[in-house]
Chemist: 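Could you have a look at this structure, given as structure tokens, before my questions?
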2 protein chains.
Amino acid sequence: MAGRPSNRDERYAQVMQALVRCVARFGLEGASLTQIAAEAGLTRPLIRHHLGNREDMIAALQDHVLHSFAEQTEALIAALPGDAPAAALVEYLFADTTGSSPDMVLAFAALTARAAEDADLRTACRESLLGFEAAIARVLRQDNPQADDHAVNAAAHGIVALYLNVASLAPLDMPQGWTQTAQTIAHKLLEGLDGGS
Amino acid sequence: MAGRPSNRDERYAQVMQALVRCVARFGLEGASLTQIAAEAGLTRPLIRHHLGNREDMIAALQDHVLHSFAEQTEALIAALPGDAPAAALVEYLFADTTGSSPDMVLAFAALTARAAEDADLRTACRESLLGFEAAIARVLRQDNPQADDHAVNAAAHGIVALYLNVASLAPLDMPQGWTQTAQTIAHKLLEGLDGGS
DNA sequence: ATATTGATTGTCAATAGCGACAGTTTATTG
DNA sequence: CAATAAACTGTCGCTATTGACAATCAATAT
């Protein structure tokens, strides 16, 4: 009444990681199942066994990217120090974490492009992005309670734009100091909240 | 000794426009020749007659996007008024020109994703982007001769990031006032150059 | 030990997309 | 009215990719 123990969750994560990476590099349609399987170190029929159809796979990718976005945002905010959380947030967003790759953001960009065709995906991506922006705005307000709401939202908008830009342009291998410049501007946006009306 | 008059240039532009649009919507590999032909209102063998192979087509796309980027930048800068050119530049970049679509930027983003695989494409895209940034920086300096070089470059960087972000997120149909916010931040970056060290 | 569950592999038919060729039409020149 | 050059169309074979099924291996509980 029991069978072989299921490694479904681990395999799922493994395949999903490969899927994200391949989509980030070759686009939604450019990523073939064989490529994904090779990236995951598995065979093609096996990834089908775990993630199902191709249609199923991109649906799963949507869920994973959007949920992961929200989760990581939440975790990041929870990990911020009580002292000057906004500055720490910016430090983290633009940190040169060689461990964390920009593949997630690139996959999100690929989904965004397809969102022009799919209304549901469009609203999902939009809400996810607005949620990210709102979360950052909350941190900024926590740090600057006296600042104008509009100014806080604008600063959050700018920080998100700078972050997405840095991540989605990562394949271009921009010159030394480029990310640094983005971070500097982000900090400047924070400083603007001090005296801002 | 003469034959049917050649409409090569017009057809080339027609097909290229369809190509840009399809790549913007479906990605580099997602855009099939049949789709492109349908978008251009032509038949599949015909677009092959004009643009050649698929490989040739993406090569032509690269040239077109990158050259068009540089040309449009040059034309834009040449058209700026002598009075407060920087402000006019920002106005133009974030104008709600329903005529000009963000397809160009989206196609550029698609090329950027592939740049991870192709070293030549990578440097080409990078140089193109840095050229755009430098051109904007020139305008800013023209308007603020006393400003610090580093500050000018940083402001240009920020404006580029905001612009690319607005364009590449266009498929998401962001809510009313979103682009406006980006424009406001861009103007704020300009103001920061006045009193900046 | 055996049954049971699930991971893993092998393989084949169907389809979509691409490349290329040959042939047809159209407009311009002499 | 030829002759020519180029746009345009129809169609075929090839390859890559996918979807699906069947079969085998592995591990655990009874």
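Throughout, protein chains are lettered first and strands after them, A, B, ... in sequence-line order, and every chain is numbered starting at 1.
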Chemist: Without decimals, in angstroms, what is the distance between B:L42 CG and D:dT9 P?
Modeler: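 Answer to the nearest Å: 8 Å.
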Chemist: Rounded to the nearest angstrom, tell me the gap between atom CG in B:L46 and atom P in C:dG19.
Modeler: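 So the two atoms are 16 Å apart, to the nearest Å.
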Chemist: Mark yes or no for whether B:R122, through its side chain, and B:A115, through its backbone, hold a donor-acceptor pair below 3.5 Å.
Modeler: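 Yes.
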Chemist: Is there a chain of hydrophobic side chains (I, L, V, M, F, W, Y, each step under 4.5 Å between heavy atoms) that links A:L106 to A:L164?
Modeler: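 Different clusters.
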Chemist: Under 3.5 Å, is there a donor-acceptor pair between the side chain of B:N144 and the main chain of B:Q146?
Modeler: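 No: the side chain of B:N144 does not pair with the backbone of B:Q146.
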Chemist: Mind calculating the distance between CD (B:E55) and P (C:dA20) to the nearest angstrom?
Modeler: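 Roughly 11 Å, once rounded to whole Å.
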Chemist: Ignoring backbone atoms, establish whether A:N53 has a side-chain N or O less than 4.0 Å from OP1 or OP2 of D:dG19.
Modeler: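 Affirmative; the distance criterion is met.
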Chemist: When you get a sec, tell me which of C:dT9, D:dA7, C:dC18 is the closest nucleotide to the side chain of B:R8?
Modeler: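 Nearest to the side-chain atoms of B:R8, counting from C-beta on, is D:dA7.
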Chemist: Rounded to the nearest Å, what distance is computed from the CG atom of residue B:D56 to the C1' atom of nucleotide C:dG19?
Modeler: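 For the pair B:D56 CG and C:dG19 C1', the rounded distance is 12 Å.
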Chemist: Rounded off to whole Å, could you give me the CZ-to-P distance for the B:R11 and D:dA7 pair?
Modeler: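 For the pair B:R11 CZ and D:dA7 P, the rounded distance is 9 Å.
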Chemist: Look at A:T43 and C:dT9 and indicate whether a side-chain polar atom (N or O) is within less than 4.0 Å of OP1 or OP2.
Modeler: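 Yes, A:T43 has a side-chain N/O under 4.0 Å of OP1/OP2 on C:dT9.
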Chemist: Between D:dA16 atom C1' and A:F26 atom CZ, what is the distance in whole Å?
Modeler: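 Distance check: A:F26 CZ to D:dA16 C1' gives 16 Å.
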Chemist: Under a 4.5 Å side-chain heavy-atom rule over Ile, Leu, Val, Met, Phe, Trp and Tyr, are B:F69 and B:M104 clustered together?
Modeler: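 In one cluster: yes.
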Chemist: Is B:H67 reaching over with its side chain to a backbone N or O of B:D63, donor-acceptor style, under 3.5 angstrom?
Modeler: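 Yes; judged by distance alone, with no hydrogens or angles, the pair exists.
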Chemist: At less than 4.0 Å, is any side-chain N or O atom of B:H49 found next to OP1 or OP2 of D:dT9? Yes or no.
Modeler: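 The answer is no; no side-chain N or O of B:H49 sits under 4.0 Å from OP1 or OP2.
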Chemist: Would you kindly confirm whether B:L51 and B:I36 end up in one hydrophobic cluster when ILVMFWY residues are joined by side chain heavy atoms under 4.5 Å apart?
Modeler: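 Looking at the clustering, B:I36 is in the same group as B:L51.
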Chemist: Between B:I47 (CD1) and D:dT9 (P), how many Å, whole number?
Modeler: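 From B:I47 CD1 to D:dT9 P: 12 Å.
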Chemist: In chain order, what residues pass the side-chain hydrogen bond (donor to acceptor under 3.5 Å, both in side chains) check against A:R21, with sequence neighbours excluded?
Modeler: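 Here the qualifying residues are A:E39, A:D103.
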Chemist: Output the rounded distance in Å from CD (B:E29) to P (C:dC18).
Modeler: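 Distance check: B:E29 CD to C:dC18 P gives 10 Å.
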Chemist: Report yes if a donor N or O on one partner sits less than 3.5 Å from an acceptor N or O on the other, where the partners are the side chain of A:R44 and the base of D:dG19; otherwise report no.
Modeler: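 Result: at least one qualifying N/O pair found.
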Chemist: Between the protein and nucleotides 21-26 of chain C, list the N/O to N/O atom pairs that are separated by less than 3.5 angstrom.
Modeler:
residue : atom : partner : partner atom : Å
C:dT26  : O4'  : B:R4    : NH1          : 3.3

Chemist: Side chain of A:H50: nearest nucleotide among D:dT9, C:dT8, C:dG17?
Modeler: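 When the side chain of A:H50 is considered, C:dT8 is the closest of D:dT9, C:dT8, C:dG17.
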